Amino acid sequence: MASNVSTARPAPNGIAALVRSRDLMLAIGMVLVVGMMIVPLPPPMIDVLLTVNITMGLLTLMVSLYVQRPLEFSTFPSLLLIMTLYRLALNVSTTRSILLHGQAGHVIEAFGNFVVGGNYAVGVVVFIILIVIQFIVVTNGAGRISEVAARFTLDAMPGKQMAIDADLNAGLITEADARRRRSEIQRESDFYGTMDGASKFVRGDAIAGIIIILVNIVGGLIVGVLQRHMSLQDAASHFTLLTVGDGLVSQLPALIISVGTGILVSKAATEASLGDEIGIQVFGNPRALSVVAGMLGSLGLVPGLPKLPFFLIAATVGMMAYFGFQADRRAAEEAVTGGAKAAEDASAPRGPENVMNLLSVDPMELEIGYRLIPLVDAAQGGDLLERITMIRRQTAIKMGLVLPPIRVRDNLQLKPKEYRINLRGIEIARGEVQVDQFLAMNAGMAQGTLDGLATKEPVFGLPAYWIPESKKEEAEIQGFTVFDPSAVVATHLTEVIKQHAPDILSRQDVQGLLNNIKQEYPAVIDELVPDLLSLGEIQRVLQNLLRERVSVRDLVPILEALANYARLTKDTDTLTEYARAAQARAITNSYLTPEGRLPVITLDPGLEQILGNSVQQTDQGAFVALDPSLAAKLLRNLQTIMERMAAQGHQPVVLTSSKVRLVFRRLVERKFPQMAVLAYNEIVPANTEVQALGTLNLA
C-alpha cells in the first residue's frame with residue numbers, strides 16, 4: 001500500500017523569499033514609481049528615495065566598469081528606462097513638496113547650501129554646467145556610439161553567421177555550440193539596437209531637467225510672492241535655492257548613468273575589467289612615464305608657474321616609471337636565469353639512455369614556428385588545443401574514425417609564422433598564418449578587394465587577405481568570410497585528416513572498433529573474424545570507404561555485408577562495393593540538396609561501354625587501360641562540367657553503373673580526389689529525384 005509522506009521544510013527567511021520574488025518586486029516597484037507622481041511624500045521619505053537614486057547611479061557606473069563584455073549587462077537598456085522614470089517621478093514629488101511646504105528634505109537642502117555655498121546664482125550656473133556636460137558631451141557621444149555600433153552589428157550579422165556555418169561544417173564546433181553562438185549574435189544585435197533607442201532616454205532626461213528647473217523657479221517665485229507674501233528677493237533666494245538643490249541631486253545620478261552608458265557601449269570585449277586594461281595600457285609603459293615626468297619637471301622650472309604641483313606630480317610619475325623599469329629588469333633576469341638553468345640541466349651527466357623510446361613515431365603531429373606559440377598557449381588566449389580536441393570529436397562523429405592524439409610542438413627550423421602537419425613523421429601539408437591578423441576569404445560572394453596582405457587560403461586555394469582586427473567588420477559587410485588564425489590552422493588540419501583518413505586508420509584502430517562493436521553485437525564479430533576475413537582485409541575495406549569519404553561510424557551494416565559476401569569472394573574491392581551498398585542510404589543523403597534532389601553528372605552509354613571493355617584485373621585491383629589521349633580528353637570534359645556545376649552551387653557527383661563505378665573513380669581520383677562517384681544501386685530510396693546537370697562523353 002502506498003503511503004503519502006510529507007516532508008517538513010523550514011520556512012524560507014525574508015531575504016530568500018525576496019530574492020525568489022524579483023519579478024514581483026519589480027512589478028511592485030513600478031507601481032510605486034507611478035504612485036510617487038500622485039501621492040504626496042513626506043520629506044524623510046524623499047530623503048531615502050533620493051539616496052536610493054544616487055546609489056543606483058553609482059552601482060550602474062561600477063557595473064559598467066567591471067563587465068568584460070557589454071552583453072554581460074544586457075538589462076541595461078530596460079534599467080535605464082526604469083531609472084529615468086524613477087528620477088522623473090522624484091522630480092514631481094520634490095517639486096510638489098517645495099511648492100506646497102517650502103521644503104523637500106535634508107538631502108536637497110544640503111545640496112543647495114553646502115554644494116553651492118547657499119548661493120542660488122552659483123547653483124544655477126553649476127546646474128547649467130552639469131546639463132551641458134551631460135547633454136552636449138556625454139549623451140551625444142554615447143548616442144552616436146550606440147547608433148554606429150547598432151548599424152555595424154546588424155551589417156556584420158550575415159558574415160558572422162557564415163563564419164559559424166564554416167566552423168560547423170569544418171567540425172570545429174558542435175551543433176550546440178553553433179546554436180549558442182547564433183543566439184549570442186542575435187542577443188548582441190538586439191542589445192545594440194536597444195541601446196540605440198535607450199540613449200534617447202538620457203537625452204530626453206537632460207532636456208526634461210532643464211525645463212523642470214525653469215518651471216520650478218518661476219513657480220517658486222509665484223508661490224512665494226503671491227501666496228506666501230514674501231519679498232521677491234526672499235522668494236528667489238528660498239525657492240530658487242531649493243529648486244537648484246533638487247536639480248543637482250537629480251542630475252548628478254543622471255550624469256553618472258550617462259557616463260556608464262558611454263563606457264558600456266564604447267568598451268570592447270576583454271579578459272579584464274576596464275580599470276585593469278587602462279592600468280596596463282596607459283601606466284604600464286615606463287618609457288612613456290619617464291618622458292612625461294621629465295616634461296612636467298621642465299614646466300616646473302618655467303618662471304611664473306607654480307612649482308609645487310608640477311614637481312610633486314613629476315616625482316610621482318617618475319617613481320612609477322622607476323618601478324616599471326625595475327619590473328622589466330627582473331623579468332628579463334628571470335628569463336635569462338631560467339634559460340641558463342635549462343641549459344645546465346641539459347648538459348648535466350645522465351645515466352644510460354633508453355633509445356627504444358626514440359623509435360616511436362607520433363601518428364599525427366602539428367609543428368609550429370615560434371611566432372605561433374600564442375595560438376596554443378591558453379595563458380595568452382590561444383584556443384588551438386581546444387579546437388584540436390573538437391576536431392578529434394567531430395572526426396569520430398562524422399567519419400567513424402578514432403583519431404589518435406595529435407602532438408603539437410614548436411620547430412625552430414620552420415619560419416616564425418609557419419606550421420607543418422606530419423603523418424607518422426612525414427610532412428603532408430604546411431601553411432603560414434599571421435598571428436595578430438584575421439584571414440578574410442572570398443568564397444565567391446564578396447565584391448572588390450581589401451586593404452590587406454593578399455594571400456591564398458591554405459585549404460582550397462581561394463583568394464584571401466590578411467587584415468587587422470579593426471577591418472574585420474568592414475570585410476564581413478563586403479561579403480568576405482573572416483577567420484582567426486586558430487580557425488585557419490584547425491580548418492586546414494580537418495581537411496588534411498579527411499584526405500589522409502585511409503592512411504591514419506591502422507590495424508590497431510580496426511581492432512579497437514571491432515572490440516567496441518563486439519560488446520553489443522558479438523554474433524557478427526564471431527562469425528566474421530577470423531574465420532571469413534582477417535583483420536587486415538577488414539582494414540583495407542574500411543580504408544577504401546574512407547578514401548571516398550564514406551563514414552564508417554555505423555559499422556554494423558558494413559560488417560554484416562562483409563559476413564554475407566566473404567564466402568563468395570575475398571577481393572577487397574568487390575567487398576567494398578557490397579559495403580557501400582549497405583551504406584547506400586547514408587551515401588545518398590550526404591549529397592542531397594536541401595530540396596531533396598540529387599544533382600549528378602551522367603556518363604554517355606558509349607563511354608560506359610568503352611570503360612567496361614577497358615577494365616583490366618591486376619594484383620593491385622581493377623583499373624582502366626584507356627588510351628592516354630582519350631583519358632586526358634575525358635578529364636578535360638569532366639572539369640568543364642564540374643566548373644559549371646560549381647558555379648550553380650552544386651557539389652559534383654558522377655552517376656554510373658555499378659560495373660564501371662570503381663574503375664571510373666580510380667581513373668579520375670588523382671586529378672579530382674574529392675569527386676564523388678555513385679552507382680545506380682546506391683540511390684536509396686529508389687524514388688529519390690535525380691537531377692542530371694550534364695552528360696560526360698568523349699565528343
Side-chain angles (χ1 to χ4, degrees), residues 25-62 75-116 120 123-124 126-128 130-131 133-135 138-139 198 200-220 223 238-261:
M25 292 175 58
L26 180 61
I28 294 175
M30 293 302 297
V31 173
L32 293 179
V33 168
V34 176
M36 289 167 54
M37 300 182 182
I38 303 173
V39 180
L41 300 178
M45 183 173 291
I46 292 178
D47 288 341
V48 173
L49 296 177
L50 290 173
T51 306
V52 170
N53 187 28
I54 297 174
T55 303
M56 290 302 298
L58 292 173
L59 181 60
T60 302
L61 177 61
M62 292 300 105
T75 58
F76 184 80
S78 300
L79 180 63
L80 185 61
L81 173 59
I82 294 173
M83 290 302 300
T84 302
L85 180 62
Y86 175 70
R87 194 160 48 250
L88 294 176
L90 269 179
N91 283 332
V92 174
S93 298
T94 54
T95 299
R96 182 191 299 113
S97 180
I98 291 173
L99 296 182
L100 287 178
H101 309 291
Q103 59 177 342
H106 296 292
V107 174
I108 290 178
E109 186 177 352
F111 268 80
N113 291 320
F114 178 74
V115 177
V116 298
Y120 64 88
V124 171
V126 172
F127 177 80
I128 293 175
L130 285 178
I131 291 295
I133 293 174
Q134 179 183 354
F135 184 70
V138 180
T139 304
K200 305 300 188 295
F201 298 150
V202 182
R203 177 192 298 269
D205 185 33
I207 297 175
I210 299 174
I211 297 175
I212 288 173
I213 193 172
L214 293 177
V215 171
N216 286 351
I217 291 176
V218 175
V223 170
H238 180 73
F239 287 100
T240 303
L241 197 61
L242 289 177
T243 301
V244 170
D246 179 25
L248 291 175
V249 79
S250 297
Q251 290 304 314
L252 184 60
L255 177 61
I256 294 174
I257 293 179
S258 300
V259 173
T261 304

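Side chains included, hydrogens not; waters and symmetry mates left out as well; all remaining heavy atoms used. Please read all numbers here as calculations on a predicted model, not as lab measurements.
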Exceeds 12 heavy-atom contacts within 6.0 angstrom, atom CE of Met45: no
Given Leu50, Thr51, Leu58, the one that forms side chain to side chain contact (heavy atoms under 4.5 Å, CB included) with Ile54: Leu58
Closest contact, heavy atoms only, Tyr86 versus Leu49: OH-O, 2.7 Å
Euclidean distance, Leu88 CG relative to Met83 CE, rounded to 0.5 Å: 11.0 Å
Report all side-chain donor-acceptor pairs from residues 25-43 shorter than 3.5 Å, counting only partners two or more places apart or in another chain.
none

Value rounded to 0.5 Å, distance of CG in Leu79 from OG1 in Thr60: 5.0 Å
